[in-house]
There are 2 protein chains.
Amino acid sequence: MERYFPVLTRCALFQGMGQEDIKAMLGCLGARFASVSKGAPVFLEGDPAQLVGIVLSGGAQVVQEDYYGNRSVLSILQPGDSFGEAFSCAGLEELPVSVIAVQDSQVLLLDCRRILTMCSHTCHFHSLLIENILQGLARKNLAFTQKVRYMSQKTTRDKLMTYLLDQAKQQGSAEFVIPCDRQTLADYLGVERSAMSAELGKLKRSGRLDTKGSWFRLNPVEQHGL
Amino acid sequence: MERYFPVLTRCALFQGMGQEDIKAMLGCLGARFASVSKGAPVFLEGDPAQLVGIVLSGGAQVVQEDYYGNRSVLSILQPGDSFGEAFSCAGLEELPVSVIAVQDSQVLLLDCRRILTMCSHTCHFHSLLIENILQGLARKNLAFTQKVRYMSQKTTRDKLMTYLLDQAKQQGSAEFVIPCDRQTLADYLGVERSAMSAELGKLKRSGRLDTKGSWFRLNPVEQHGL
DNA sequence: AAATATATGTTGGAAATCCAACGTGAGAGG
DNA sequence: CCTCTCACGTTGGATTTCCAACATATATTT
């Protein structure tokens, strides 16, 4: 447990708190520790929506499956990321999504009702926690706004390039790594993996970008004619 | 102003507060009143992101336009709905979206920084307001989850039917009205208006649904064979 | 290293979308 | 009543996606 405090202190939920404060809060919140192996669910669609999770190690994805079994990736979770708070804070009974570990992972599970209803003098950091959750939800809203922007592009190529340009901007460099493999990226952008792969091939051949695995580099566009 | 208190008491932001409490809060928050005519922007992409709006009358849409001028509708705002809090609470400098009035509308504008930083003894309802905003953001996250679910469907027909089935469920009846016209629905679902119209025609002819304007009725599917 | 599994790239025909153009009908205003 | 406008429906051909199948590359295991 101790080894994961560096992750928790960087976690959005606990910003502004010291290690001892966090340790005390985890007690208040009834935190439970869980190990999940690669490919196994942390939550399944239809599960009660009262728990909030924090990824301590490994990685996970929030996914939805439609009637035909098509997978849609809603968000990609890395160590320090939390998940599920939107559903419990909105008062939902059942989860409308699943959370799947994509690697062997450790997660921390908190009871959201304790967070929201805990009387504030029990723990000095209660209101700070609330504000951190609020800011986290606002950021997740932003992330959805971006995802919708990618998905609203007409062609596979435009969805891909809009995403990659955003990644370059966010990471502050034309060279960057993305947090997922090709299939996951395709399911996140809402495109066919094979079509996306074909577009990547074209973009590479035209010199617009280079990529290998999760590494990408966007190249400046050559001006022709002018 | 007085005439809009019924709207404000039903507004998610002010749940649990009486009319007098709200009146006092509006003072604290430096509320400003604004009239916007049909088609005019309330906010434009790039504007400073510190204001939160509440629709008092009329209606508005949160929209994004891409490089080619394609419009994407992120959410549809009706009286009582608030907008912009995700961007200010996430600490964004500039708005990444525009908010456009679709009818002559009245809106109330609040300064979000006052909401978040206002010292809590100034106003008893400060922490309640924070919790209301938190719940509102969680609900907006849910709304995005749903929108993404519609947009993730492969065909225009599936996007449309997934949306309509959700509406019927939310409104608790197979007969319902949607809060927008065909073009807006198409821009919300991320489909071509003409293709959507064609699908609606097919669905009508097959007896699967009836519609006129914003009114819809979903009909049970006939079982063949068995 | 060999064998296996998994990830990624490539291809071609069927299906769906995209787009522009046009037809129709309801409502607004003169 | 007429005209104008605007929302909605319809159509057809160019473009793009979709899907299954296969080829290649990379990682993992034995």
Side-chain angles (χ1 to χ4, degrees), chain A residues 37-39 59 61 66-73 76 100 102-104 150-162 164 177-206 208-216, chain B residues 38-39 59 61 66-73 76 102-104 150-162 164 177-206 208-216:
Chain A
S37 30
K38 178 174 175 175
Q61 298 173 354
D66 72 11
Y67 180 77
Y68 306 105
N70 298 311
R71 184 178 77 142
S72 167
V73 173
I76 296 168
I100 309 291
V102 291
Q103 303 165 39
D104 291 347
Y150 310 143
M151 294 183 75
S152 297
Q153 300 294 318
K154 292 222 163 68
T155 67
T156 298
R157 186 196 189 100
D158 287 337
K159 287 173 184 149
L160 180 59
M161 282 307 296
T162 306
L164 292 176
V177 296
I178 62 172
C180 60
D181 61 18
R182 298 281 187 273
Q183 181 67 63
T184 300
L185 179 55
D187 290 345
Y188 175 76
L189 297 177
V191 301
E192 274 297 306
R193 182 197 59 79
S194 64
M196 189 182 78
S197 212
E199 289 301 335
L200 278 171
K202 282 189 220 165
L203 288 163
K204 264 191 198 173
R205 280 190 290 279
S206 75
R208 191 76 187 70
L209 60 75
D210 291 304
T211 174
K212 184 181 163 91
S214 60
W215 172 86
F216 284 81
Chain B
K38 177 174 175 176
Q61 299 174 354
D66 71 11
Y67 180 77
Y68 306 106
N70 298 310
R71 183 178 78 142
S72 167
V73 172
I76 295 168
V102 291
Q103 303 165 37
D104 290 346
Y150 310 142
M151 294 184 75
S152 297
Q153 300 295 318
K154 292 223 163 71
T155 66
T156 297
R157 185 195 189 100
D158 287 338
K159 286 173 184 149
L160 180 59
M161 281 307 296
T162 307
L164 292 176
V177 295
I178 62 172
C180 60
D181 61 18
R182 298 279 188 274
Q183 180 67 62
T184 300
L185 179 55
D187 290 346
Y188 175 77
L189 297 177
V191 302
E192 274 297 307
R193 181 196 60 81
S194 64
M196 190 182 78
S197 213
E199 290 301 336
L200 278 171
K202 282 188 220 167
L203 288 164
K204 262 190 197 174
R205 280 189 290 279
S206 75
R208 191 78 185 71
L209 60 75
D210 291 304
T211 174
K212 182 181 164 97
S214 59
W215 172 86
F216 284 80

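All chains are named by letter (A, B, ...) in the order of the sequence lines, taking the proteins before the strands, and each is independently numbered beginning at 1.
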Inset, instruction - If a protein heavy atom is under 4.0 Å from the base, mark B; if only from the sugar-phosphate, S; if neither, -; do that for nucleotides 12-29 of chain D going 5' to 3'. - result: -----SSBB-----S---
Inset, instruction - Sequence neighbours left out, what pairs pass salt bridge (Lys or Arg N to Asp or Glu O under 4.0 Å) with at least one residue falling in residues 179-193 of chain B? - result: B/Arg71-B/Asp187
Inset, instruction - Check whether any side-chain heavy atom of A/Leu185 sits under 4.5 Å from a side-chain heavy atom of A/Leu160, and report yes or no. - result: yes
Inset, instruction - Write down the distance between CG (B/Leu200) and C1' (D/dT11), rounded to a whole number of angstrom. - result: 16 Å
Legend entry - Partners meeting side-chain hydrogen bond (donor to acceptor under 3.5 Å, both in side chains) with B/Lys154 (sequence neighbours left out): A/Asn70
Legend entry - B/Val191 side chain reached by B/Tyr150 side chain, heavy atoms, under 4.5 Å: no
Inset, instruction - Starting at atom NZ of B/Lys202, determine the distance to atom C1' of D/dG9, rounded to an integer number of angstrom. - result: 13 Å
Legend entry - Nearest non-hydrogen partners of A/Ser214 and A/Cys180, listed with the distance: CB-O, 4.2 Å
Inset, instruction - Specify the separation, in whole Å, of atom CG of A/Asp210 and atom P of C/dT8. - result: 17 Å
Inset, instruction - For A/Ser206 and A/Leu203, work out which heavy atoms get closest and say how close. - result: OG-O, 3.0 Å
Inset, instruction - Rounded to 10°, tell me the angle between the two end axes of the helix from C/dA1-D/dT30 to C/dG30-D/dC1, each built from five pairs. - result: 40°
Legend entry - Stretch residues 178-187 of chain A: residues that reach within less than 4.0 Å of DNA chain D through a heavy atom: none
Inset, instruction - Return the value, rounded to whole Å, for the distance between atom CE of B/Met196 and atom P of C/dC18. - result: 13 Å
Legend entry - Spacing between B/Lys204 atom NZ and D/dT10 atom C1', to the nearest angstrom: 12 Å
Legend entry - Separation of B/Lys159 NZ from B/Tyr188 OH (nearest 0.5 Å): 13.0 Å
Legend entry - Any side-chain heavy-atom pair of B/Leu189 and B/Met151 under 4.5 Å: no
Legend entry - Heavy-atom side-chain contact between B/Tyr67 and A/Asp158 under 4.5 Å: no
Inset, instruction - Check the distance between C/dT17's P and A/Gln153's CD and give it to me in whole angstrom. - result: 18 Å
Legend entry - B/Leu160 CG - C/dA16 C1' separation (whole Å): 15 Å
Legend entry - Closest heavy-atom pair and its distance - B/Leu209, B/Met161: CD2-SD, 4.3 Å
Legend entry - salt bridge (Lys or Arg N to Asp or Glu O under 4.0 Å) involving A/Arg157 - partner list, sequence neighbours excluded: A/Glu199
